[in-house]
Amino acid sequence: MTAVAAPSVASLVQSVDWLAIAPPTIAAVVALVVLVADLFLGERRKALLGWVSVAGLAAAALALLPLLDGDRSTFCLKTLEGEQAACSYTADHFTLVIQFLVLAGALLTALLSITGIKDAKNTPRALPEGEFWFLLLSSAAGAALLPASRDLATLVVALEVASLPAFALVGIKRDDRRSSEAALKFFLSSVTATAVTLLGVSFVYATTGTLHLTRIATALTHVDGQFHTLAQAGVALTLVGFAFKTAAAPFHFWVPDTYVGAPLPIAAYLSVIGKAVGFSGIILVTVVAFPSYADVWGPALAALAALTMTVGNVAALRQQATRAYSAVRLLAWSSVGQAGYLLVPIAAAAYSKDADKAIGSTVAYALMYAAVNLGAFAVAALVARTKPLNRISDYRGLYRSRPLAALVLGFFLLCLAGLPPGIIGLFAKVTVFSAAVDAGLGWLAVVMAVNVVIALYYYLQWTATLFRPAEGEQAVQRIPAPLTAAIGLTAAIGVVLSGAPQMVLRFASTGLF
């Protein structure tokens, strides 16, 4: 094991590339502005906080544009000769793609939340606006920081900054027993997973003497025999916390109750941004830090992928249409099944000669899933305004009362199922399937094919419900502008990507690392 060169005293005073760290920094600064402004605004003007949050997230997303010219790094160690050795923050193509997903997803969540907060106002379940927007922006800042993290300490800190506000957001509905129970279950299980991850990080540090991902990758190639088992245990345990965030089985049990207990926009946020955080963390620690231990994490992730997609799809298949919150539960279990598909290319990267291409398949699938799943939750939020129990049976006759909403939801469900006209969903599934076959994981490709067939049943069953005659009169309300914007944006993205699906793969896989 080679010794890691200590940084010189001069390197302790580091310059900061403010442009590189602008996206998460803007989100964090706006969060503080919202928190302070909440103290001085009257109740009638607190609605402005939502629009300030939307503007802040839009500004954070726009801050990605100047970073497209090339990779930028900051918070770097330097050798005694002044050369750059290892960095804690890197804004490369992978970082920018995931940050775009996170910030765009948070922006759509904010649009949904504006309507949800307004509807709950002056009711026993009114949400505290200042706290809500502060927590959402703080979580988004942590989620945007994580894909840029290039050492294990920053990764864990970013993971917790993204997670801790999410616990509070899940339980923010006061005097709601389901919300409190969901937050407690989410918190306790997440803390346990984080503790296991920190144990794994400590094992890796004890073995390699460094926390920087690139240095860990180098040190793990020649670990002393007596530390080999310790290194293997560290690699496996480090993945646990990130697997929890992705809702990979058997770390998925918190998902359905948490989604039902949380405000609907927060359930949408967890289903997309929570997964983006988890998957970007898994990609960084496996492909960047632990490539020499692919024989440990490769089979583990392949088994997790098969188990996760099977558990999620079978559970979604068992949802009863007349059960309270069955629509949200189905989307929750569907998100577990989708997590299994997302894990397939990462597992394939352990066996593939072109890991970058395999990871590109996961990123492309994540972009597709983010757009259509947020859109499905947006339509669910629309239906919940008149049918708060949000049962699948409540969607009967939606085409008659709201034809455009029904068509859009049907399109989203077909995208998730991988059927035309949802070409982007079909393209994403074929890409993931190809990654498994190319890596020699034929058995995993077969398991995925079986699960896709299982998923077809419940997606098509829900789609058919939209066009069946309604039972009784359907209440029709005017759709608020923010909710209309969220549905319209996700629908437009889905249609555009279905027209040019190869654009997603090219954007997601070009020079990731």
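Numbering of residues begins at 1 and proceeds along the displayed sequence.
Residue pairs that meet the ring pair (Phe, Tyr, Trp, His ring centres under 6.0 Å) test with at least one member in residues 288-309, sequence neighbours left out, are H228-Y293. Residue pairs meeting the ring pair (Phe, Tyr, Trp, His ring centres under 6.0 Å) criterion with at least one partner in residues 353-378, sequence neighbours excluded, are absent. Screening residues 437-452 for salt bridge (charged side-chain N to carboxylate O under 4.0 Å, His left out), with sequence neighbours left out, gives no hits. Sorted by first and then second residue, the side-chain hydrogen bond (donor to acceptor under 3.5 Å, both in side chains) pairs involving residues 442-452 (not counting sequence neighbours) are T310-N451, N313-N451. Annotation: ring pair (Phe, Tyr, Trp, His ring centres under 6.0 Å) contacts involving residues 325-347, sequence neighbours excluded, comprise H252-W333. Sequence neighbours left out, the pairs with a member in residues 134-167 that pass ring pair (Phe, Tyr, Trp, His ring centres under 6.0 Å) are F167-F186, F167-F187.
Remark: T210 OG1 to L220 CG distance equals 10.0 Å, nearest 0.5 Å. Between the CG atom in L159 and the OG1 atom in T197 there is a gap of 7.0 Å [rounded to 0.5 Å]. Expressed to the nearest 0.5 Å, how far CG of L164 lies from CG of L169 amounts to 11.0 Å. For the atom pair CD of Q99 and CG of L101, the computed distance is 11.0 Å after rounding to the nearest 0.5 Å. With values rounded to the nearest 0.5 angstrom, I346 atom CD1 is found 11.5 Å from F242 atom CZ. Within the model, atoms OG of S334 and CG of N373 stand 6.0 Å from one another, a figure rounded to the nearest 0.5 Å.
The shortest heavy-atom contact between P265 and T109 is O-CG2, 3.4 Å. Minimum interatomic distance between P147 and L284 (heavy atoms only, all atoms of both residues): O-CD1, 3.8 Å. In plain terms, the two heavy atoms of A27 and L137 that are nearest each other are O-CB, 3.9 Å. Taking all atoms of both residues into account, the shortest heavy-atom contact from L342 to A366 is CD2-N, 3.6 Å. The minimum heavy-atom distance linking A262 with K173 is given by the pair O-NZ, 3.8 Å. In plain terms, the two heavy atoms of L304 and A243 that are nearest each other are CD1-CB, 4.5 Å.
Between R177 and E181, at least one side-chain N (NZ, or NE/NH1/NH2) sits under 4.0 Å from a carboxylate O, which counts as a salt bridge. With salt bridges taken as basic N to acidic carboxylate O contacts below 4.0 Å, none links D354 and K357.
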Side chain to side chain contact (heavy atoms under 4.5 Å, CB included) evaluation trace for L213 with L155: CA-CA 10 Å; L213 303 185; L155 269 175; 4.2 Å; yes
Stepwise side chain to side chain contact (heavy atoms under 4.5 Å, CB included) check, V235 with T286: CA-CA 8 Å; V235 169; T286 54; over 6 Å; no
Just do the side chain to side chain contact (heavy atoms under 4.5 Å, CB included) check on D224 and F227 with the steps written out, would you? CA-CA 5 Å; D224 290 345; F227 295 121; 3.8 Å; yes
Under the criterion side chain to side chain contact (heavy atoms under 4.5 Å, CB included), I'd like the reasoning laid out for L343 against I282: C-alpha separation, chi angles, the key distance, then a yes or no. CA-CA 9 Å; L343 281 170; I282 288 178; 4.2 Å; yes
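A donor atom on one side chain and an acceptor atom on the other are found under 3.5 Å apart for K245 and S163. A donor-acceptor pair shorter than 3.5 Å can be found between the side chains of S73 and T90. Side chain to side chain, R150 and T95 meet the donor-acceptor criterion of an N or O pair below 3.5 Å. No side-chain donor from either of S113 and Y269 sits under 3.5 Å from a side-chain acceptor of the other.
Of the possible donor and acceptor atoms, none in the side chain of T308 sits under 3.5 Å from a partner among the backbone N and O of G340. When atom types are taken as modelled, the side chain of D176 and the backbone of R178 share a donor-acceptor pair closer than 3.5 angstrom. In this structure, S361 contributes its side chain and P345 its backbone to no donor-acceptor pair below 3.5 Å. Remark: side-chain polar atoms of S352 are not paired, donor with acceptor, to backbone N or O of A349 under 3.5 angstrom.
Side-chain contact check for L145 versus Y89: some heavy-atom pair is nearer than 4.5 Å. Side chains of M309 and Q338 form no contact here, defined as non-hydrogen atoms less than 4.5 Å apart. In this structure, P165 and L136 have side chains that are not in contact, with every pair of non-hydrogen atoms separated by 4.5 Å or more. Counting heavy atoms from C-beta outward, L67 and P23 have side chains that approach closer than 4.5 Å. For the pair V201/L237, no side-chain contact is recorded, criterion being any heavy-atom separation below 4.5 Å from C-beta on. V161 is not listed as a side-chain neighbour of S139, based on a closest heavy-atom distance of 4.5 Å or more. For the pair L264 and Y259, the minimum side-chain heavy-atom distance is 4.5 Å or more. Under the 4.5 Å side-chain criterion, counting only non-hydrogen atoms from C-beta, I216 is in contact with L152.
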